[in-house]
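Whatever order the structure lists them in is the order used to number ligands and atoms, beginning at 1.
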Amino acid sequence: MPRSPAVARTLPSLRRALGDLRARRATVALVPTMGALHDGHIKLVQHAKRRASKVVVSIFVNPTQFAPHEDFGSYPRTWKADLAKLAAERVDLVWNPGVGTMYPPNFATRILPEGPATENLEDRFRPHFFGGVATVVGKLFTQCRPDIAVFGQKDYQQLKVVTRMAADLDLGVKVIGVPTVRERDGLAMSSRNVYLTPEQRAVAPVLHRTMKEAAKRLRNGDDLKAVIADGGRTIESAGFTLDYFEARHAETLAPILSIQDGPVRLLVAAKIGTTRLIDNIGI
Ligand code: PAF
């Protein structure tokens with residue numbers, strides 16, 4: 001059985017462990033996660049291993065990116081299984097701080113991103129979210145000082161927000177986005193998929209199917225407004241409550257009027273029952 005990776009839970013132990021890792025001029029990759037690791041996370045780790053000589057995975061369910069009515073309390077926590085998966089990938093270090101380490105008493109500083117964080121996508125429905133993400137990822141970057149950091153493209157707006165923040169704050173880390181890993185029927189892997197009932201799980205791939213169909217029509221020259229409206233109706237008639245289904249500029253996330261304004265990314269967020277799913281594809 002592969003050996004469990006070293007685990008740091010306090011800042012002094014993190015510094016010691018990173019000092020050891022860097023002793024031989026290693027390059028360090030960080031994969032930030034909230035645990036409940038699935039094959040999508042493992043792809044990030046494998047990508048990190050190809051790009052750097054040492055890999056650190058952080059596992060921290062970050063309270064500041066959840067609104068009070070959201071699922072912070074019930075978010076899946078699967079520590080033992082996570083550690084076994086990271087051992088199998090021969091990860092070098094797991095950074096697993098407690099809430100009191102990340103947010104000690106009297107903590108009073110936040111990073112409030114603009115630009116990609118304010119493009120009326122996720123931010124319209126989760127206004128607290130990117131402030132929480134930018135603050136915790138900013139802290140993870142300054143704590144771990146990685147050379148590269150690896151994120152999934154599944155959270156596409158988050159990837160753009162973090163990339164902008166790392167550049168704006170001169171954090172000296174190269175942010176890399178890795179393509180979404182999907183189930184065989186197209187559903188994007190997500191730690192929240194465990195919330196789906198069997199009936200909802202059967203319907204969930206509609207999101208990916210609809211985006212693929214929309215991308216095909218757009219490539220064939222169909223009118224963007226009509227394609228997006230049809231896609232939204234398909235998703236709603238499958239039983240989802242639609243938050244958004246939009247075509248945006250793939251780099252800036254700004255709204256576009258036609259695919260000539262691209263490169264184009266289709267982004268969707270919709271609720272089935274109480275579970276909110278997000279996904280996106282390039283066209
Ligand atoms: O994508 C996630 O799992 C989280 O938003 C992140 C980047 C680990 C920050 O808490």
Side-chain angles (χ1 to χ4, degrees), residues 8 14 29-45 47-48 55-67 70-79 81-82 85-86 91 93-103 107 109-113 116-117 121-123 125-144 146 148-167 169 171 173-182 188-195 267 269 275-280:
L14 175 70
L30 173 67
V31 183
T33 80
M34 298 205 298
L37 303 181
H38 50 67
D39 286 357
H41 295 112
I42 299 308
K43 267 271 150 33
L44 304 183
V45 170
H47 191 92
V55 175
V56 180
V57 175
S58 63
I59 297 184
F60 177 65
V61 186
N62 174 36
T64 67
Q65 67 191 74
F66 292 80
E70 291 181 344
D71 56 344
F72 174 70
S74 58
Y75 194 84
R77 287 159 171 89
T78 55
W79 172 253
D82 290 351
K85 288 177 186 171
L86 297 178
V91 159
L93 177 65
V94 177
W95 172 220
N96 178 227
V99 173
T101 297
M102 288 305 257
Y103 301 111
F107 181 87
T109 304
R110 271 171 190 278
I111 299 174
L112 284 183
L121 293 163
E122 282 303 284
D123 47 301
F125 298 90
R126 306 184 71 197
H128 56 282
F129 180 68
F130 289 119
V133 166
T135 303
V136 80
V137 173
K139 281 179 69 89
L140 291 169
F141 284 179
T142 51
Q143 291 162 345
C144 299
I148 66 168
V150 183
F151 290 81
Q153 288 179 354
K154 151 114 188 339
D155 296 284
Y156 196 77
Q157 191 179 7
Q158 167 176 280
L159 173 64
K160 296 293 164 198
V161 169
V162 166
T163 304
R164 185 72 264 154
M165 176 196 67
L169 299 183
L171 297 180
V173 48
K174 182 174 170 50
V175 175
I176 294 169
V178 172
T180 303
V181 179
R182 298 183 180 280
M189 288 196 184
S190 163
S191 304
R192 288 190 167 100
N193 289 352
V194 295
Y195 298 153
L267 301 109
T275 303
R276 188 168 181 277
L277 301 176
I278 64 172
D279 202 352
N280 65 86

Report yes or no: do Gln157 and Asp123 form a side-chain donor-acceptor pair below 3.5 Å?
->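 Judged by distance alone, the side chains do pair up.
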Keeping the roles fixed (side chain from Lys154, backbone from Met189), state whether a donor-acceptor pair exists under 3.5 Å.
->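 Judged by distance alone, no pair lies under 3.5 Å.
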Contacts of Arg192 that satisfy salt bridge (Lys or Arg N to Asp or Glu O under 4.0 Å) - sequence neighbours left out =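 Residues passing salt bridge (Lys or Arg N to Asp or Glu O under 4.0 Å) with Arg192: Asp71.
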By salt bridge (Lys or Arg N to Asp or Glu O under 4.0 Å), which residues pair with Arg276, not counting sequence neighbours?
->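 Salt bridge (Lys or Arg N to Asp or Glu O under 4.0 Å) check on Arg276 returns Glu122, Asp243.
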Which class fits the ring pair Phe141 and Phe151: parallel under 30°, tilted 30 to 60°, perpendicular over 60°?
->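 Ring orientation, 0 to 90° scale: perpendicular.
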Output side-chain donor-acceptor pairs under 3.5 Å for residues 34-44, partner residues at least two apart or in another chain, one line each.
residue : atom : partner : partner atom : Å
His38   : ND1  : Gly40   : N            : 2.9
His41   : ND1  : His38   : N            : 3.0

Write none if no such pair exists; otherwise list each N/O atom of ligand 1 with its protein N/O partner under 3.5 Å and the distance.
residue  : atom   : partner : partner atom : Å
ligand 1 : 1 (O)  : Gln158  : NE2          : 2.8
ligand 1 : 5 (O)  : Gln65   : NE2          : 2.9
ligand 1 : 5 (O)  : Gln158  : OE1          : 2.7
ligand 1 : 10 (O) : Gln65   : OE1          : 2.6

